[in-house]
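Computed from a predicted structure; not experimentally measured.
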Amino acid sequence: NIGFGKPGTTQNCAKCSAALEMRLRGYGISAGRQSYPSSVDSQSLWFKDAKRVDYETDFAEEALKSYGSMTSGTLSIQFPNGNGGHAMHWTNDKYGKFSIQDGQNGRTFSSISEMMDAYGADRSAGVTTFRLDNCEPNWDAFEQDSVIRRASTASKVKNRFSGKVVDTW
């Protein structure tokens, strides 16, 4: 999320999560800017066959870990009193280590509990998730919603699955 804090970079968390997923696949892109909140449910438009799964907070992390190594997706939390929410990216790396990356501000967390404490999330609202590593991107929807743009900082990146170096999108 280049220029976090500038106009259009504080309401684009769902786009940041989608862009982070695509960067992990080897595409040199960043999130598009946005001046209004977007729904995490947009993941099902941006990634073909992405399905929303809601978990109680206490069970979400174990459920995501059960997908195994080299899996990833988006998760979202709600803030207390209906004051919005926040979307982030989750990953089980090649060793099966779980982490959460906030593509909007660059923070990383080792657990859902740590992340919820840091953001003061409403634990009773649960966690909404989308597994994305097994879904194809919907490039038309990405373009239509201005989800992603070419990253100015990278021209080639390594795909985490194949290990091949690919050109930017």
Side-chain angles (χ1 to χ4, degrees), residues 1-25 29-47 49-135 137 141-142 145 147-148 151 160-161:
N1 193 24
I2 298 169
F4 177 66
K6 293 181 180 176
T9 64
T10 60
Q11 300 274 333
N12 66 341
C13 58
K15 288 181 177 183
C16 289
S17 183
L20 185 52
E21 174 64 31
M22 296 309 295
R23 286 190 67 79
L24 289 172
R25 294 179 185 201
I29 58 174
S30 64
R33 294 187 177 194
Q34 185 164 320
S35 58
Y36 56 90
S38 63
S39 169
V40 71
D41 288 325
S42 298
Q43 305 298 319
S44 62
L45 299 173
W46 301 334
F47 293 92
D49 299 319
K51 296 187 179 21
R52 176 182 170 146
V53 180
D54 294 316
Y55 294 105
E56 291 182 30
T57 300
D58 293 341
F59 303 107
E61 189 168 326
E62 287 307 312
L64 296 177
K65 286 179 178 178
S66 74
Y67 290 131
S69 62
M70 301 301 286
T71 55
S72 57
T74 293
L75 65 78
S76 71
I77 56 169
Q78 297 300 307
F79 298 127
N81 304 315
N83 290 324
H86 191 50
M88 289 158 276
H89 191 266
W90 62 267
T91 304
N92 290 315
D93 70 13
K94 65 182 179 181
Y95 303 107
K97 181 180 176 189
F98 177 81
S99 65
I100 299 166
Q101 302 81 36
D102 187 331
Q104 201 168 38
N105 62 25
R107 293 179 74 177
T108 300
F109 303 96
S110 60
S111 70
I112 288 177
S113 181
E114 176 191 12
M115 174 271 300
M116 291 191 112
D117 288 346
Y119 289 117
D122 180 357
R123 290 178 180 273
S124 68
V127 177
T128 297
T129 68
F130 289 86
R131 180 177 174 186
L132 301 177
D133 65 277
N134 59 350
C135 299
F142 274 158
D145 290 348
V147 175
I148 53 178
R160 70 176 172 154
F161 296 110

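Here the OG-CD1 distance, from S17 to I100, works out to 11.0 Å after rounding to the nearest 0.5 Å. Taking CH2 from W90 and CG from L64, the interatomic distance works out to 5.0 Å, rounded to the nearest 0.5 Å. Atom-to-atom distance recorded for F47:CZ and T74:OG1 is 6.5 Å, nearest 0.5 angstrom. Atom NZ of K51 is separated from atom SG of C135 by 7.5 Å, given to the nearest 0.5 angstrom.
Taking the side-chain contact (heavy atoms from CB on, under 4.5 Å) definition, one finds that T128 meets it with V40, R52, D54, S76, F130, sequence neighbours left out. Evaluation of the side-chain contact (heavy atoms from CB on, under 4.5 Å) rule for N83 yields F79, N81 as partners, not counting sequence neighbours. Judged as a side chain to side chain donor-acceptor pair (under 3.5 Å), and not counting sequence neighbours, S111 has no contacts. The salt bridge (charged side-chain N to carboxylate O under 4.0 Å, His left out) check on E56 picks up nothing, with sequence neighbours excluded. Take S124 and apply the side chain to side chain donor-acceptor pair (under 3.5 Å) test, not counting sequence neighbours, and it matches D122.
Residues M116 and I77 are in side-chain contact: their nearest non-hydrogen atoms beyond the backbone lie under 4.5 Å apart. R25 has its side chain within reach of P137: a pair of non-hydrogen atoms, C-beta onward, lies under 4.5 Å apart.
Remark: the S113 side chain and the R123 side chain contain an N/O donor-acceptor pair separated by less than 3.5 Å. With hydrogens and angles left out, the side-chain atoms of E21 and S72 include a donor and acceptor closer than 3.5 Å. For the 3.5 Å distance criterion, the side chains of T71 and N92 qualify, holding a donor opposite an acceptor.
Taking 4.0 Å as the cut-off between side-chain N and carboxylate O, R131 and D49 do not count as a salt-bridged pair.
When all heavy atoms of E61 and I112 are compared, the pair lying nearest together is OE1-N, 2.8 Å. The two residues S44 and A50 have their closest heavy-atom pair at CB-O, 3.6 Å. Taking both residues in full, the closest heavy atoms of A18 and Q43 are given as CB-OE1, 3.9 Å, listed atom of the first, atom of the second, then distance. Contact record, S30 with A19: C-CB, 3.8 Å, taken as the closest heavy-atom pair. Annotation for A125 and Q78: closest pair CB-CB, 3.7 Å, computed over non-hydrogen atoms. Shown here for P80 and G120, the closest heavy-atom pair between the two residues is CD-O, 3.1 Å.
Sorted by first and then second residue, the ring pair (Phe, Tyr, Trp, His ring centres under 6.0 Å) pairs with a member in residues 94-125 read H86-Y119, F109-Y119; sequence neighbours excluded.
With hydrogens and angles disregarded, no donor-acceptor distance shorter than 3.5 Å links the side chain of T91 to the backbone of S99.
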